[in-house]
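Read through the structure below, which is laid out as structure tokens, and then see the notes.
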Amino acid sequence: MTAADFTVLPRHVAVIMDGNGRWAKKRGLSRSEGHIEGAKTFRKIGEYAGDLGIKHITFYAFSTENWSRPENEVNAIMRLFGDYLQEAMDRLDENREKGIRLRFLGDRSAIAPELAALMDTVETLTADMTKVNLNIAVNYGSQQEITHAVRSIAEDVRSGSLQPEDITPALIGSRLYTGDQPPVDLMIRPSGEQRISNFLLWQSAYAEFWYSDVLWPDFTERDFDEALRAYEKRNRRFGGI
Ligand code: IPE
Ligand code: IPE
Ligand code: MG
């Protein structure tokens, strides 16, 4: 498909990359092998979304709650994330040619320092790109994000630089990790679960939800097309008639 095949495209798509573990289990593989396949799907769908002309796409890679998993699984996910960061550095010219701005949403303080440093570098080196905004949520939790924003606002009120009446939804939104990016139009969750799992709660206030039973490593460009096709047919009312 190309952008011309759709009457309307979401400005911001969010994807909960779920089902890696079950995909591996079905094949008698380790959960980590599921994550390896899931990481390939992430690259494939990220690229496809960019080619289609989706301006903002956010992938949920690791939640604040995922630390409760066995250490070897957490390490495997972080290793894969490190590989991706290294690749992003190696392919910097290519990414810049495609106009891809990479950003990471989440609390970086708990991420290994060498990874956190790479995250900062990749963000800085793509900060002037404007064609595709590719966000990856790592150690991300929406409630934590909102709490962090509220705290920063409270500090400004305490210091006197902000008045309580200046606190608006727009101000709160601007203090989130997504900052000036548009709200989520379409939220995609594969693997049969129909829940939000602490992802982009504020940003998805009026998002359309699309679910699929496909496990993330099996997710294809055609599944993404199907989600976009469903989105195209939705009647978004935003409280109107
Ligand atoms: C999603 O797949 C990847 C992460 C949460 C990091 P899961 O690992 O949650 O896969 P299932 O849900 O156990 O199948
Ligand atoms: C959500 O998936 C987090 C990511 C995809 C990174 P989970 O597998 O952690 O969600 P729950 O536990 O099923 O809600
Ligand atoms: Mg899961």
Side-chain angles (χ1 to χ4, degrees), residues 12-50 54 57-88 91 102-108 110-112 115-116 118-119 122 134-142 144-145 177 184 186-201 204 207 209-228 230:
H12 190 167
V13 177
V15 184
I16 301 179
M17 304 191 282
D18 198 15
N20 296 348
R22 279 162 284 171
W23 181 92
K25 194 170 178 206
K26 263 177 47 182
R27 286 164 180 75
L29 302 170
S30 69
R31 293 183 57 87
S32 300
E33 285 168 292
H35 296 310
I36 292 173
E37 284 309 304
K40 291 182 193 163
T41 306
F42 154 70
R43 285 171 173 79
K44 177 178 76 183
I45 299 300
E47 190 158 321
Y48 183 60
I54 307 284
I57 185 154
T58 304
F59 290 95
Y60 204 2
F62 191 84
S63 76
T64 44
E65 290 70 35
N66 287 147
W67 294 108
S68 65
R69 295 186 178 205
E71 199 184 329
N72 70 336
E73 181 173 348
V74 170
N75 290 342
I77 294 169
M78 289 300 163
R79 223 174 7 251
L80 285 168
F81 179 52
D83 291 348
Y84 177 75
L85 287 170
Q86 196 49 58
E87 186 185 301
R91 294 196 179 167
L102 268 168
R103 272 182 276 192
F104 304 98
L105 319 182
D107 175 8
R108 256 167 246 198
I111 307 269
L115 287 191
L118 262 180
M119 290 159 88
V122 168
L134 177 57
N135 306 311
I136 306 172
V138 181
N139 192 25
Y140 176 88
S142 195
Q144 291 83 343
E145 174 186 42
Y177 296 123
V184 173
L186 173 63
M187 170 74 71
I188 294 176
R189 184 162 194 163
S191 91
E193 312 297 350
Q194 302 193 353
R195 55 174 169 259
I196 190 95
S197 301
N198 204 12
F199 191 40
L200 303 174
L201 303 178
S204 297
F209 285 76
W210 186 83
Y211 302 106
S212 159
D213 288 335
V214 173
L215 301 172
W216 178 249
D218 289 330
F219 199 90
T220 65
E221 291 92 337
R222 300 293 77 78
D223 295 307
F224 196 74
D225 288 341
E226 205 184 303
L228 293 177

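What you see below is based on every heavy atom in this structure, not just the backbone, and it leaves out hydrogens, waters and symmetry mates.
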Point to revise | Distance-only polar pair, side chains of Glu65 and Asn198, donor-acceptor under 3.5 Å | key: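 Yes, because at least one side-chain N or O of Glu65 sits under 3.5 Å from a partner of the opposite role on Asn198.
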Review point. Are Arg79 and Ser32 close enough that a side-chain donor and a side-chain acceptor fall under 3.5 Å?
Key: no
Gap separating the [atom1] atom of [X] from the [atom2] atom of [Y], nearest 0.5 angstrom:
| X | Y | atom1 | atom2 | answer |
| --- | --- | --- | --- | --- |
| Ile136 | Phe81 | CD1 | CZ | 6.0 Å |
| Ser30 | His35 | OG | NE2 | 8.5 Å |
| Glu73 | Asn66 | CD | CG | 8.0 Å |
| Leu215 | Lys25 | CG | NZ | 12.5 Å |
| Leu29 | Asn20 | CG | CG | 12.0 Å |
| Phe219 | Glu226 | CZ | CD | 8.5 Å |

Review point. Is Arg43 salt-bridged to Asp83, cutoff N-O under 4.0 Å?
Key: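 No, this pair does not count.
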**Study point:** Presence of salt bridge, Arg22 and Glu193, under 4.0 angstrom
**Key:**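 Salt bridge: yes.
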Exercise for review: For the pair Phe199 and Tyr60, name the ring-plane relationship: parallel under 30°, tilted 30 to 60°, perpendicular over 60°.
Suggested key: parallel
Within the 4.5 Å heavy-atom criterion, are [X] and [Y] side-chain neighbours or not?
| X | Y | answer |
| --- | --- | --- |
| Phe42 | Val15 | no |
| Tyr177 | Thr58 | no |
| Thr220 | Lys44 | yes |
| Pro70 | Arg31 | no |
| Glu145 | Leu105 | no |
| Tyr140 | Leu200 | yes |

To check you understand the geometry: which heavy-atom pair defines the closest contact between [X] and [Y], and what is its length?
| X | Y | value |
| --- | --- | --- |
| Phe62 | Val74 | CZ-CG1, 4.1 Å |
| Thr41 | Trp216 | CG2-O, 3.2 Å |
| Ala49 | Ile57 | CB-CD1, 3.6 Å |
| Ser191 | Gly19 | CB-CA, 3.7 Å |
| Ile77 | Ala61 | CG2-O, 4.4 Å |
| Ile196 | Met187 | CD1-CE, 3.6 Å |

Review point. Just by distance, do the side chain of Asp107 and the backbone of Asn139 share a donor-acceptor pair under 3.5 Å?
Key: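 No, Asp107 side chain to Asn139 backbone: no donor-acceptor pair under 3.5 Å.
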**Study point:** Candidates Val13, Ile16, Asp18, Leu228 - the one meeting side chain to side chain contact (heavy atoms under 4.5 Å, CB included) with Ile188
**Key:** Val13
